[in-house]
Structure formats: C-alpha cells, structure tokens
There are 2 protein chains.
Amino acid sequence: MAERKGVPTMKDVAREAGVALGTVSKVVNGIPVGEEYRKRVEEAIEKLDYRVSSYARGLRSSRTFTVAVMVPNLVSPFFSGLVNAINRELTARKYRMIFYATDYDPQQEQELVRMAEQQKVDGIICLSYNPDLKVSDGVTLISIDRYFGPRIPCVASDNYGGGRLAAEKLIENGCRNLAFLRVGSRLTNEPNKRKDGFVSACEALEVPYTLKIIDDGTPFTAFVDFLHEHFHEGRLEFDGIFCVTDSLAYLIRKELGRMGVKVPEDVQIVGYDGVKYFGDLDYTCSTIVQPVEEIARTCVEMALSGENSSMPSLVCLPVTYASGGTTRA
Amino acid sequence: MAERKGVPTMKDVAREAGVALGTVSKVVNGIPVGEEYRKRVEEAIEKLDYRVSSYARGLRSSRTFTVAVMVPNLVSPFFSGLVNAINRELTARKYRMIFYATDYDPQQEQELVRMAEQQKVDGIICLSYNPDLKVSDGVTLISIDRYFGPRIPCVASDNYGGGRLAAEKLIENGCRNLAFLRVGSRLTNEPNKRKDGFVSACEALEVPYTLKIIDDGTPFTAFVDFLHEHFHEGRLEFDGIFCVTDSLAYLIRKELGRMGVKVPEDVQIVGYDGVKYFGDLDYTCSTIVQPVEEIARTCVEMALSGENSSMPSLVCLPVTYASGGTTRA
C-alpha cells in the first residue's frame, strides 16, 4: 500500500532546520554559510527527502537538463532499443528525456522540433525522415542516420563497412551468387550506403551480384515476384542474400519457406540491425549488429556538449557480424 | 540541407505586428483586444511561426502539460508498445511525455517518482515493481498492472478473463491435459490472476492441469527440468501449455523443439501479451492479446482528469485470443 505525503519544499527544509529560507537557498546553490548552518540544512534535506528541482537547477545554470528525443515510433525494435539506450545515457547524467514519436511524418517532425525549441531543451536527438528539417540557431540537434549537411552532426553505424562485411561473410560461408534486397526511402541517408559497401566487396572479390531496390510504400509482392523470377526448377539462382534490415530478412525467409527453399542449406541470409527476439533473446537472423549503445552515448555526449561549431559532421561507429541461424557460420 | 533561424519570441511578434508586448500577451492568453489588433497579432504569429511555449501555457493554467511515464525498459516489446501507445494519446492531447526507465529497481522507481513530483508533472503513469511506492498527496499516479490499494487507480488487461480464455481455447482445440507455466514476481500483481482464471476454467470444464510457477531470477532450467520430468517414451504428458507471457512461450517452444516434441501437432501452446515479430509482423505465438491501445487511452484519460478521489481503484480491459501457429486454431 502506497503512503502519501506532501512534496517537501525549500520552506519545509528551512522550518525543519530552524534557519532562514535564504540560508537553505545558499546551501542548495553551493554558496558558503557557517558550518553549523550547513550541517543543519543538510540534515533537514536528508530527513525530509527534499530534492532540488530541475527547474531550480535550470534557473542557476540556464540549462533545463532536458533533451528531446524523436524517432518514428517505439514499435520497431531497432527504434525502441535505441531510445532505451539514449534514455539510459541521459539518466546517468541526471538529464530527463522528453520523447516524441514522429510517425514518419515530415510535418509532424518539424512541428515537434519547433515545440522542443520553445521548451528550451538543451538538445534534440532526432532520427528524421524530413530532408528539409529546419532548426533554429543556437539549438543543438544531433541527427541519427540522416545527413543534413555540415552544420548538423550525424551519428550512424558504419553502414558502408556493414554492407562490405555482409558480402564478405556470405562469400566466406561459400556463397557464389549474391543478391541485395532493399526497401527504403529515396532520400539520401546513411543506411543507403549499405548497398555501396556490399557492391564494393562483391566487386573486389569478383562475386556476381543482383540488386533489387524498391521504395517505401511499394508492396512486398515486388520482392516475391523478384524471387520467383530467379527461381528455376526448384532452385533459386542466388545462394546468398543480404537484406537491408532484419525485419526484411524475416519476411524473405518466410517467403523462401513457402517456396520450399531451405535456409541456410540452399540460401544463406544476412540482415542488418542486430534485432533480438523479445529484445534480449536470440538474434532474429545472421546479421550486421548496429552498436546501439555507442550510437546512444555519442549522440548524448554531442547533444550535451553545446559546441555545435566544433563538432564533426558525420560519426560512423563500427558494426559487428553475428551468426543467427540463417548462415552456415 | 537544414535552414537555421532564431526561435521567434513574443517580442518578435509584437515588433512584426507593430503592437505593444502586452497586446500580444493578451491575444495569446485569450483576453479580448480590439479586432484589428487581434488580427495583426494573429497574422504576425502565423508569419513568424511563433509557438506559445508549454511553459507560458503552464503559467496561465497552473498545468505543465507534461506527464511522466515509467516502465522498466523499452527493450521488452510489450513495454515499448505500451509506451508508444501512451505517447500517441498524450501527443493527441498536446501533452508532452517525460520518459523514465526504471530497470526493475524499486529504489530507482521511488527516486524517479520524487523527481517527477518535483518537476510538477500533471500526472505519472507507472508500471512499477516497488510494492512500497510512496506518492505525494495531490499527485495523480496511475499504475499499470500493480494494485497499490484503493487510492491509486490501477489499469490492467483482464488478466483473470485472459487466463480463463487461454484454458478454454486450448480445450476447444482438443487438449485434455494442461500445464500452466509462470515465471514472475512474488508480489501481488494483476498478471498473477492469469493463473486463477486458468485454474477456474480447467476446473469448470473438468480438465486436469499442472502448475509450474518459478520466481523471477530462477534459472530457466527449472522449466527444462519440469518438462523432462513429464516426458516419457518420447511423449510429453501435456497436450496443451499456457505460458504466462509470449516471451516464455518462445523459450518453451524452442526447448520442446530440442526434445523432438512438435508444436502444435503434439503440444499446443498459448502465450499472453500479443507480441508481434518486429512490432507489426506475425504474432510470435497463439496468444491472449492485451488491449494496449485501450490501456494507454484509459491511463492517459485518468492521469489528466485530475480527480483522484472519484476514480475507480481497478479498471480491467477486455482481452482477445489470436491464433499464431502454436495451436490448431
């Protein structure tokens, strides 16, 4: 059964300690007072469980100790894992997080950035789908995965290196005819470099490859048709497929199951993201694992540094490969 | 490429409209001014894209338009789906959400509730693991899944009804010897009623059942041992298993696969929660689906109603059954 009592105020602390309100204020703000007074105030603070509010901290430092975080939603496990890690980094630094879901809506994103600015947050961390996002001067915005130009720092996994690694691992596992499947935004963004890295490794290792790239909103049947076009006498032309996300890899594996193609015996699949079932159980497929914790830490450190001008424009963090049942190793 | 300009202030609006600052303040605060003035101010607000800050709204209404939301983490798909839905409900009402992950730590939870109180949020929505959580008078706290007593409203899915439904569906699908597996907190909480509903349906329909209940922190091998104790000559004694969460159902199914037991041919499994792969693809198993959106809406409506005294102490929202491949139907 929960117990209720009023939130203690600075006045309560003064009464408890038997000192003037100004004395409490001095102690809280780190201004010297007599040793005896300081001790009485600190004991009263402890006894009453009084907390200095962020608002009071903000008044002293002109900071609000608040960071706004925006991603499309928390339903996608990559997004929710990312926000979880960002929250952990903020909490460790005694910052609070205001969260906004943008639902992939560019107008909504712009609106939320404006709101965050008005609310005087100390920084904004944003995974945006709005190529024309406007940010006011003096507001620190850190972008995840979308490069907006030199004045807005972008943090991402090493998408190019991840694409290379996916091709290399498939080839290492014996694949000799690869395909790359991508559904995504036409916008210039970092994840599009997964393709470039993949192509570069295939060319370096002289392994043939086929690309199938469809835009967001195109029905999944486009991939089903593609697979069937390359399916002859019960065999798929490809023996290795790199899918742009783990979620796409899941759908492709399911379709291959319907076609009677065995994974990993007939075809090996590598995804990207490093999503685990239920957030912490098995990897959903063999995958290029994004360094979610490092991305979160880097974003938070940059958002709180408050020195936009001296920040790098792009930070790419190293990825790793994890075997998850859809490759031979 | 993002464009940058300063955040417009009330002063900028006054300058643009060619009126006094007080006139802008009146318009923003809904206090009557001459029609011509009102029009000029509104046009300037539009032109400059000026937004009234929440802080200014708060000063007028003694509200902060902020709600604190606490769950253990955003990695578990049930928690992240819930927070996603709560965020949607808050955004629709022009409230902002401060999010805190509690990491199942009772002390951390208490600390965060105190912080939220100090920050004068309009309400707290909390999925707590702290049975002794203290909340100050005058602070509206809505609890999800944990009943703290009559003065703190609790919102949950109909866990008892869900337990009944799980047993009924297994029996409807031909099962004649059931097991219930639960790992969880010893604390009195709503999800524990899943067992009671399950038992009540088994008894009403005169179907034998076995319960295996282990505490949080007990290794999963306790369930593996249980399964092997009831496994004779390649056959499991049970033909239907109700697992307390979809996540447990995933692990049990995997273990049965290792034992050579086929799902759903030899054993049918029903989970609880309604988790989908990647948040929006297939159900991870046949399951009792929690009404996440209704839970979120109810919590938000209650948190914002500000009338703690007249609120119900427990609201249970109806669940549904979804077939997801681990049952015959």
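Reminder, nothing fancy here: chain letters follow the sequence lines and each chain counts from 1.
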Trainee: Quick one: closest heavy-atom pair of S80(B) and S80(A), and the distance?
Mentor: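 Minimum heavy-atom contact is CB-CB, 3.7 Å.
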
Trainee: Check each atom of L251(B) against the heavy atoms of chain A and say whether the ones under 4.5 Å are side chain, backbone, both or neither.
Mentor: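 Only the side chain of L251(B) comes within 4.5 Å of chain A.
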
Trainee: Check whether any side-chain heavy atom of Y100(B) lies under 4.5 Å from a side-chain heavy atom of R96(A), and answer yes or no.
Mentor: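 With C-beta onward as the side chain, the pair touches.
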
Trainee: Checking K120(A) against chain B: side chain, backbone, both or neither under 4.5 Å from a heavy atom?
Mentor: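 No part of K120(A) comes within 4.5 Å of chain B.
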
Trainee: Within this structure, what is the CD1-OG1 distance for the pair I98(A) and T66(B), rounded to the nearest 0.5 Å?
Mentor: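 Between I98(A) CD1 and T66(B) OG1, I get 6.5 Å after rounding to 0.5 Å.
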
Trainee: Name the member of V75(B), L112(B), V275(B) that forms the most heavy-atom pairs with chain A at distances under 4.5 Å.
Mentor: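 So the answer, after comparing V75(B), L112(B), V275(B), is V75(B).
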
Trainee: Let me know if D103(B) has heavy atoms under 4.5 Å from chain A in its side chain, its backbone, both or neither.
Mentor: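 Side chain of D103(B) only, per the 4.5 Å heavy-atom cut-off to chain A.
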
Trainee: Going through the checks in order, is the side-chain contact (heavy atoms from CB on, under 4.5 Å) test met by D282(B) and Y250(A)?
Mentor: CA-CA 10 Å; D282(B) 306 314; Y250(A) 175 88; 2.7 Å; yes

Trainee: My understanding is that only residues two or more places apart in sequence, or in another chain, count here; which of them pass ring pair (Phe, Tyr, Trp, His ring centres under 6.0 Å) with Y147(B)?
Mentor: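 Listed in chain order: nothing, the list is empty.
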
Trainee: Between K276(B) and chain A, with a heavy-atom cut-off of 4.5 Å, which part of the residue counts as in contact: side chain, backbone, both or neither?
Mentor: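 Neither part.
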
Trainee: Rounded to the nearest 0.5 Å, what's the gap from OH on Y277(A) to CG on D246(B)? Could you check?
Mentor: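 Between atom OH of Y277(A) and atom CG of D246(B) there are 13.5 Å.
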
Trainee: Quick check: are there more than 12 heavy atoms from other residues, nucleotides or ligands sitting under 6.0 Å from CD of E293(A)?
Mentor: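 Not buried by this count: 12 neighbours or fewer within 6.0 Å.
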
Trainee: Please confirm whether the ring centroid of F78(B) lies under 6.0 Å from the ring centroid of F278(A).
Mentor: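 Not under 6.0 Å, so no.
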
Trainee: At what distance, to the nearest 0.5 angstrom, does CD of Q119(B) lie from CZ of F65(A)?
Mentor: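 With rounding to 0.5 Å, CD (Q119(B)) is 11.0 Å from CZ (F65(A)).
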
Trainee: For chain A, which of S143(B), G81(B), A68(B), G279(B) has the most heavy-atom pairs under 4.5 Å?
Mentor: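 Answer, by heavy-atom pair count under 4.5 Å with chain A: G279(B).
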
Trainee: Output the distance between atom OG1 (T284(B)) and atom CG (L281(A)), rounded to the nearest 0.5 Å.
Mentor: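 With rounding to 0.5 Å, OG1 (T284(B)) is 10.5 Å from CG (L281(A)).
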
Trainee: Please classify the contact of S247(B) with chain A as side chain, backbone, both or neither, using a heavy-atom distance under 4.5 Å.
Mentor: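 For S247(B), heavy atoms of backbone and side chain both lie under 4.5 Å from chain A.
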
Trainee: Of all the residues in residues 83-90 of chain B, which have a heavy atom that comes within less than 4.5 Å of a heavy atom in chain A?
Mentor: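 Counting heavy atoms that sit under 4.5 Å from chain A, the residues of residues 83-90 of chain B involved are V83(B), N84(B), N87(B), R88(B).
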
